[in-house]
Amino acid sequence: MTAFSTLSSQRGATLKGHVRAPGDKSISHRSLILGGMATGVTEVEGLLEGDDILATARAVEAFGAKVERLGDGCWRIEGQGGFRSPATTIDCGNAGTGVRLLMGAAAGYDLSVVLDGDASLRKRPMKRVTGPLAQMGARFDWISVEDRLPLALQGGRLSGIHYVQAVASAQVKSALLLAGLNAFGDTVVVEPEKSRDHTERMLSAFGARIEVVEEGRGWRIRLAGGQKLTGTVVAVPGDPSSAAFPLAAALVVPGSEVTVEGVMLNPLRTGLFDTWMDMGADLTFSNRRLSGGEDVADITARHSSLKGIVVPEDRAASMIDEYPILAATAAFAEGPTVMRGIGEMRVKESDRIALMVAGLRACGVQVEEEAEGFIVAGGPVRGGATVETAHDHRIAMSHLVLGLNADQPVSVQDPEMIATSFPGFVELMRGLGASVG
Ligand SMILES: O=C(O)C1=C[C@@H](OP(=O)(O)O)[C@@H](O)[C@H](O)C1
Ligand SMILES: C=C(OP(=O)(O)O)C(=O)O
């Protein structure tokens with residue numbers, strides 16, 4: 001990693017063109033992990049080849065599966081029907097999803113492993129997953145600091161759990177369900193709000209029986225222990241969280257029109273698009289179809305006069321990764337955009353509320369910070385700053401979009417982190433006409 005390299009964007013030509021969204025990151029992690037746990041061959045098409053996913057691919061291989069790259073986005077995983085102790089420490093890089101889901105999967109087997117990650121992942125809380133997994137019978141040792149990586153895990157001989165989540169988290173839910181596959185008895189997870197349901201959908205596709213019923217505003221999910229997975233074919237749809245960046249650029253740069261093809265429209269992932277439309281964004285959805293069991297469409301965004309709104313708090317789970325780019329577009333809106341009920345943003349790759357507040361302020365945008373939210377005042381954006389990203393890909397891409405219609409260029413630190421979720425971002429944006437370099 002080059003600590004001092006920067007990337008800049010500036011106002012220039014209008015953005016025009018058609019691009020494809022990279023493969024969905026959540027589904028890509030799950031394809032590899034479920035494929036590695038299963039018996040037989042899993043063929044994946046459209047896998048995101050970002051750094052987070054490549055770390056998960058290496059991990060699954062270290063746990064005993066045969067993992068092969070056949071071509072662009074095409075991967076073959078030959079699972080051995082279980083994980084075994086890896087020879088070395090598993091480095092999950094920057095990926096919270098990778099480490100938390102792998103922890104759940106590994107906890108179900110009689111193995112020991114040390115899990116670690118990069119400087120950003122080492123700062124993120126792990127007890128939200130190790131706590132309930134320990135209640136199921138897994139043993140954890142913190143190697144240097146409590147609640148943080150690196151940690152040692154001894155898995156096996158688990159019992160099912162009835163777990164009511166305080167905050168809806170798909171990572172926690174998924175970890176418990178993956179562990180529950182190899183536990184004695186049923187595992188039940190209750191969520192206060194619905195979180196992304198890719199694990200539930202994919203467990204069914206890999207042959208597991210899973211029962212999902214609505215409870216309040218969330219779900220009660222029940223999975224019987226002692227179930228085997230069978231390899232299958234996975235077509236990974238385009239990632240709405242990545243599609244958001246070129247679409248946002250079209251919304252804020254006058255005269256622009258950009259289409260992103262093949263974007264997944266799972267309703268638990270599309271809160272940003274609903275919010276933009278509430279703000280007056282010109283978005284059209286065409287060529288709706290099913291791909292890999294998910295609704296998919298091509299989305300066209302045209303430059304729009306956005307109006308600030310109060311974002312409904314009950315949308316948070318369906319757009320939790322999208323608040324940074326929402327904030328960048330809100331900076332160009334007329335009137336304030338109020339984002340609340342998003343304390344979870346503070347424990348992502350960075351404290352995303354603090355970094356968006358600092359970055360936007362450095363670019364001349366008025367922002368008010370709250371404990372669990374922030375308010376962005378709309379208006380012209382001055383730019384002319386180098387923004388700290390703390391190795392967070394979404395903070396970097398959001399500020400690069402901001403720079404595309406700021407009075408002066410905007411630069412971001414650590415731009416190489418963009419490849420964790422969106423390899424080829426700079427080339428794709430340049431292909432649309434954006435001044436990024
Ligand atoms: O399950 C997943 O694939 C993810 C769940 C979310 O995290 P939480 O479960 O912590 O909300 C999200 O922020 C992350 O990018 C991906
Ligand atoms: C939070 C994110 O990912 P993860 O938790 O997997 O690091 C993200 O991609 O925005």
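In each ligand, atom 1 is the first atom listed, and ligand 1 is the first ligand listed. These figures come from a predicted structure and were not determined experimentally.
Atoms of ligand 2 found under 4.0 Å from any heavy atom of Gly96, numbered from 1 in the order shown, are 4 (P), 5 (O), 6 (O), 7 (O). Atoms of ligand 2 found under 4.0 Å from any heavy atom of Lys348, numbered from 1 in the order shown, are 1 (C).
Distance alone, capped at 3.5 Å, places no donor-acceptor pair between the Asp186 side chain and the Arg222 backbone. Side chain of Asp147 to main chain of Met126: a donor-acceptor pair is present (N/O by atom type, distance under 3.5 Å, no hydrogens or angles). Judged by distance alone, the side chain of Ser411 and the main-chain N or O of Thr6 form no donor-acceptor pair under 3.5 Å. A donor-acceptor contact shorter than 3.5 Å links the side chain of Arg148 to the backbone of Lys123.
At least one N or O atom of Gln171, backbone or side chain, sits closer than 3.5 Å to an N or O atom of ligand 2. The shortest N or O to N or O distance between Ala95 and ligand 2 is not below 3.5 Å.
At least one heavy atom of Asn94 sits under 4.0 Å from some atom of ligand 2. Between Arg352 and ligand 2 there is a heavy-atom distance shorter than 4.0 Å. Assignment of His393 to the shell around ligand 2 is supported, since a heavy atom sits closer than 4.0 Å.
Between Arg196 and the choices Asp24, Ile27, Ile320, the side-chain contact (heavy atoms from CB on, under 4.5 Å) rule is met once, by Ile320. No option in Glu372, Glu370, Glu368 other than Glu370 meets the salt bridge (Lys or Arg N to Asp or Glu O under 4.0 Å) test with Arg340.
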Does ligand 1 have any N/O atom under 3.5 Å from a protein N/O, and what are those pairs and their distances?
residue  : atom   : partner : partner atom : Å
ligand 1 : 1 (O)  : Arg30   : NH2          : 2.6
ligand 1 : 3 (O)  : Ser26   : OG           : 2.7
ligand 1 : 3 (O)  : Arg30   : NH1          : 2.8
ligand 1 : 3 (O)  : Arg30   : NH2          : 3.4
ligand 1 : 7 (O)  : Gln171  : NE2          : 3.3
ligand 1 : 7 (O)  : Lys348  : NZ           : 3.1
ligand 1 : 9 (O)  : Ser169  : OG           : 2.7
ligand 1 : 9 (O)  : Ala170  : N            : 3.0
ligand 1 : 9 (O)  : Gln171  : N            : 2.8
ligand 1 : 10 (O) : Lys348  : NZ           : 3.3
ligand 1 : 11 (O) : Lys348  : NZ           : 3.3
ligand 1 : 13 (O) : Asp321  : OD1          : 2.7
ligand 1 : 13 (O) : Asp321  : OD2          : 3.3
ligand 1 : 13 (O) : Lys348  : NZ           : 2.7
ligand 1 : 15 (O) : Asp321  : OD2          : 2.6

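Residue-level proximity to ligand 2 for Lys25 is carried by the side chain, the only part with a heavy atom below 4.0 angstrom. Counting heavy atoms closer than 4.0 Å to ligand 2, residue Arg124 contributes side-chain atoms (C-beta onward) but none from N, CA, C or O.
In terms of protein heavy atoms, atom 10 (O) of ligand 2 is closest to Arg394 NE, 2.5 Å. When hydrogens are left out, the protein atom nearest atom 6 (O) of ligand 2 is Thr97 OG1, 2.5 Å; that is the closest non-hydrogen contact. Residue, atom and distance of the protein heavy atom nearest to atom 1 (C) of ligand 2 are Glu349 OE1, 2.9 Å.
The closest side-chain donor-acceptor pair between Ser120 and His391, if any, does not fall under 3.5 angstrom. A side-chain N or O of Thr97 and one of Gln171 form a donor-acceptor pair less than 3.5 Å apart. Looking only at atom types and distance, the side chain of Asp51 has no donor-acceptor partner in the side chain of Asn94 under 3.5 Å away.
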Evaluate the side chain to side chain contact (heavy atoms under 4.5 Å, CB included) criterion for residues Phe63 and Ser85: first the C-alpha distance (whole Å), next the side-chain angles of each, then the deciding distance (0.1 Å), finally the verdict.
CA-CA 6 Å; Phe63 278 121; Ser85 298; over 6 Å; no

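Summarising the geometry of Val410 relative to Cys363, their closest heavy-atom pair is CG2-SG, 3.9 Å, with the distance given to 0.1 Å.
Of the charged side-chain nitrogens involved, none lies within less than 4.0 Å of a carboxylate oxygen, so that Asp197 and Lys173 do not count as a salt-bridged pair.
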